[in-house]
A.B. asks: 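This structure is in structure tokens; I'll ask about it shortly.
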Amino acid sequence: MAELVEASGLITDFIEFSAVDGPGNRFVVFTQGCNLDCVACHNPYTINPCIDCGDCVVSCPSGALSLDIAGKVLWDADTCTGGDTCIDVCEYDSTPKARTLAVADVLTRLRPAAPFLSGVTVSGGEATQQAGFVRALFAAIKADPKLSRLTCFVDSNGDTDSGDWDNLADVMDAAMIDLKCLDDVIHRRITGSSNARVLDSIRLLASRRQLYEVRLLLLAGVNDADDLLAETGRWLASVDPRMRVKVIGYRHHGVRPSPIPLREPSAEQRAHYAEIVRAQGDFEIVVV
Amino acid sequence: MDTFKAEAERLVTDPAIGYDQKVRRLAGLAVSALPYPSLSPLCAEALDARVICDMFEGNRPITPRYVLPDYAKALRNGVRYLELEPPTTLDDALSFLTILYTQVPSVTTYPVYLGDLDALLEPFVPADLPDVELDAKLRRFWIQLDRLLPDAFVHANVGPSDSRVVRSIWRVERSLRQVVPNLTLKVTPDTPDDLIEDAVRTVFVTGKPHFVNHPMMVADHGTDYAVVSCYNSLKTRGGAHSLVRLNLLEAVRRHVGGVDAFVTEALPHWVELTAELGEARIRSLVEDQKFFETNFLATEGLIDLDRFSLMFGIFGLAECVNELMVRDGQSDARYGHDAAANEVAWRLTRRIAELVAERPLPYCGGGGGFAYLHSQSGIDLDLDTTAGTRLPIGDEPGMLEHISTVAPHHALFPAGISDIFHVEETVQNNPRAMVDVIRGALEVGMRDFTFNLDSNEFIRITGYLVRKSDLIGIEEHGARHSSDYLAATAEVNHTVTTRAVKRVMAAELSAGA
């Protein structure tokens with residue numbers, strides 16, 4: 001147990017109550033750092049760890065940031081007024097507010113919320129980039145009599161080795177995986193990487209009954225062609241015809257300027273996407 | 001007398017007040033022309049200055065404020081006064097109750113309690129009656145209630161167990177989207193998640209029900225209790241004689257000094273004056289107007305004087321605490337945001353609860369000879385105070401901190417305390433998340449609460465429900481529900497002299513009504 005609670009992770013932030021990160025009300029831990037570089041990323045400041053350049057320190061209007069003698073950026077949560085100027089000026093897709101926290105610190109934040117929760121979700125960033133920390137956190141939750149009823153979920157881009165899923169298998173209840181695009185050319189264009197490991201992850205987790213849902217983030221005119229969606233639906237049905245599929249229309253909120261023109265699909269378009277996917281299997285479809 | 005005549009003249013000729021409301025207001029005017037029950041000079045002065053308040057119940061009460069008849073007994077034995085035999089079919093039971101409701105008095109002139117309808121009606125539902133027919137019968141009943149008893153404080157209870165009737169009520173509620181009746185679901189750890197989730201889906205459509213902590217209520221009142229009107233919890237076959245309330249902001253304004261002096265000197269003074277006001281009103285109702293000797297509900301044993309008490313309300317705790325923190329040199333310490341301020345808030349309510357529990361009152365057998373403490377949710381006149389013990393609207397912290405700030409008060413208020421949580425509309429895709437929050441809130445000791453969905457057509461103002469669309473143009477066109485009118489005034493601090501023709505009342509009256 002001691003080694004579990006001492007394990008640490010680089011944590012961007014927490015949300016005590018979330019209704020959009022898995023089943024029921026969930027405590028969400030956002031980890032800092034992601035291996036993809038998606039054009040449609042809604043929280044790009046979670047992509048990289050801070051490099052201590054100090055640009056944000058001089059820009060902070062509330063004086064909550066400083067450089068210590070070793071040249072590291074320090075953030076004072078009590079002084080911070082939450083205007084996020086630091087994130088706006090950061091040119092490295094990072095934030096000075098991410099902190100290295102031990103599992104024990106996360107549990108301290110989690111305990112008061114526990115009576116109100118179905119579970120805990122580790123999101124990001126990319127949770128599997130810190131799979132050791134995630135494993136330690138989930139194991140500590142499962143080992144604590146007051147927390148063990150909470151389900152432990154990972155929200156992931158799926159671009160990780162099967163070994164990470166193997167390591168999590170006995171402490172994780174399920175994962176939610178983003179499938180940015182079934183077509184690998186488009187996938188590389190909008191994420192910077194191949195989708196091969198994503199597809200492997202979906203197959204592996206489904207075979208272990210540890211796949212809660214697959215999310216399709218659809219960008220109008222980019223990855224929303226009818227035949228592509230139909231093919232995606234057929235592929236998902238081949239993995240699990242009763243899969244829970246969340247069809248998400250891209251929204252501009254938080255997204256960086258993009259080299260690829262990004263457009264939000266209308267409500268009608270989102271309903272149309274869902275219809276095409278629905279026709280390929282007996283899916284439980286959620287449209288947002 | 002000239003003022004009386006002038007006001008009566010104004011009422012009878014006012015084109016913006018409907019017939020029913022004219023009758024009610026003229027009756028209120030007449031009662032208030034009688035002398036007030038005798039009060040000490042200090043008490044009378046505090047009442048005049050509105051440090052303490054009688055909720056404008058009228059100078060001479062002719063009914064207890066809230067009456068909770070034993071409907072199960074009425075259905076079992078019939079009602080002689082109304083020449084009603086015990087019903088044997090569901091249709092007869094619904095008709096029986098509809099008739100009886102019209103004869104149940106309260107301060108609003110409408111019944112504030114319609115019964116625990118699932119428990120009352122389930123024995124009349126034949127096993128072979130299809131759901132669609134059950135729904136049709138309850139739908140007719142529901143429409144009758146809304147049109148015959150047009151007051152948002154008319155309240156029915158359901159739960160804590162699952163039943164065909166409660167499921168049918170959720171379906172009917174979602175299809176009709178009426179303001180009346182208000183609804184409470186009693187919840188225990190054994191209440192099925194699925195039933196609570198069905199209720200949550202109903203909240204998304206109609207803003208109802210409230211969720212109440214059944215084990216906490218049973219500990220305070222026994223199993224025979226109900227939530228009535230605007231989340232007032234009282235014994236059934238009983239009720240509340242009156243509601244008197246103490247304005248904590250006004251009390252602190254008349255006090256010199258900080259927290260310690262307020263707790264040791266000011267609170268005992270104001271609690272005693274509030275109790276004196278309550279005692280005078282109780283004696284007037286019971287001894288002078290002899291309600292319990294004359295009303296058929298009492299003479300037929302459907303209510304019992306020994307199960308009544310006085311509701312002792314407080315409000316404006318937030319402003320009181322914030323002012324006391326300033327005086328103690330901690331001007332940044334705000335209730336809901338600062339541990340020291342929260343401690344002061346809890347200390348004040350604990351002290352008030354102790355003082356109320358040390359002040360015996362006559363005819364208060366329901367409370368063991370004492371008043372019930374109540375966190376009063378406010379009326380349209382309360383312009384500079386926050387409802388009861390709540391956090392000021394717009395100054396709430398995150399939901400978890402919000403709950404942990406207000407929950408410690410809840411055990412102290414057997415006659416009711418509640419809160420309204422605002423949730424984003426995305427939660428509609430995940431009603432289970434609300435079930436989790438409800439379970440947690442009850443586990444940490446919340447007594448009664450509900451949710452406002454940001455996108456909902458129905459909203460709660462201080463506790464009662466209105467439809468947003470009914471608020472639009474209320475000044476020009478009047479409103480069908482008079483609770484809409486109260487809400488509109490509460491919402492925009494409207495002058496209470498504005499009148500509106502409306503079909504549905506919220507007759508927990510504002511000053512001029």
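Computed over heavy atoms, backbone and side chain alike; hydrogens, waters and symmetry mates excluded. Below, chain A is the first sequence line, B the second, and so on; all start at residue 1.
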A.B. asks: Could you go through the salt bridge (Lys or Arg N to Asp or Glu O under 4.0 Å) check for A:E284 and A:R242 one step at a time?
C.D. replies: CA-CA 7 Å; A:E284 178 190 348; A:R242 304 180 64 96; over 6 Å; no
A.B. asks: Working to the nearest 0.5 Å, report the span between CG of A:D155 and CD of A:E126.
C.D. replies: 8.0 Å
A.B. asks: Quick check: closest heavy atoms across B:L442 and B:V212, and the distance to 0.1 Å?
C.D. replies: CD2-C, 4.1 Å
A.B. asks: Are the ring centres of B:F421 and B:H402 closer than 6.0 Å?
C.D. replies: yes
A.B. asks: So does A:R263 have more than 12 non-hydrogen atoms from other groups sitting under 6.0 Å from CZ?
C.D. replies: no
A.B. asks: Please look at B:V444 and chain A and tell me whether the side chain, the backbone, both or neither of the residue comes under 4.5 angstrom of a heavy atom of that chain.
C.D. replies: side chain
A.B. asks: If contact means a heavy atom pair closer than 4.5 Å, which residues of residues 11-29 of chain A contact chain B?
C.D. replies: A:E16, A:F17, A:A19, A:V20, A:G22, A:P23, A:G24, A:N25
A.B. asks: With a distance cut-off below 6.0 Å to the six-membered ring centre and an angular limit of 45° from the axis, does A:K97 pair with A:Y45 as a cation-pi contact?
C.D. replies: no
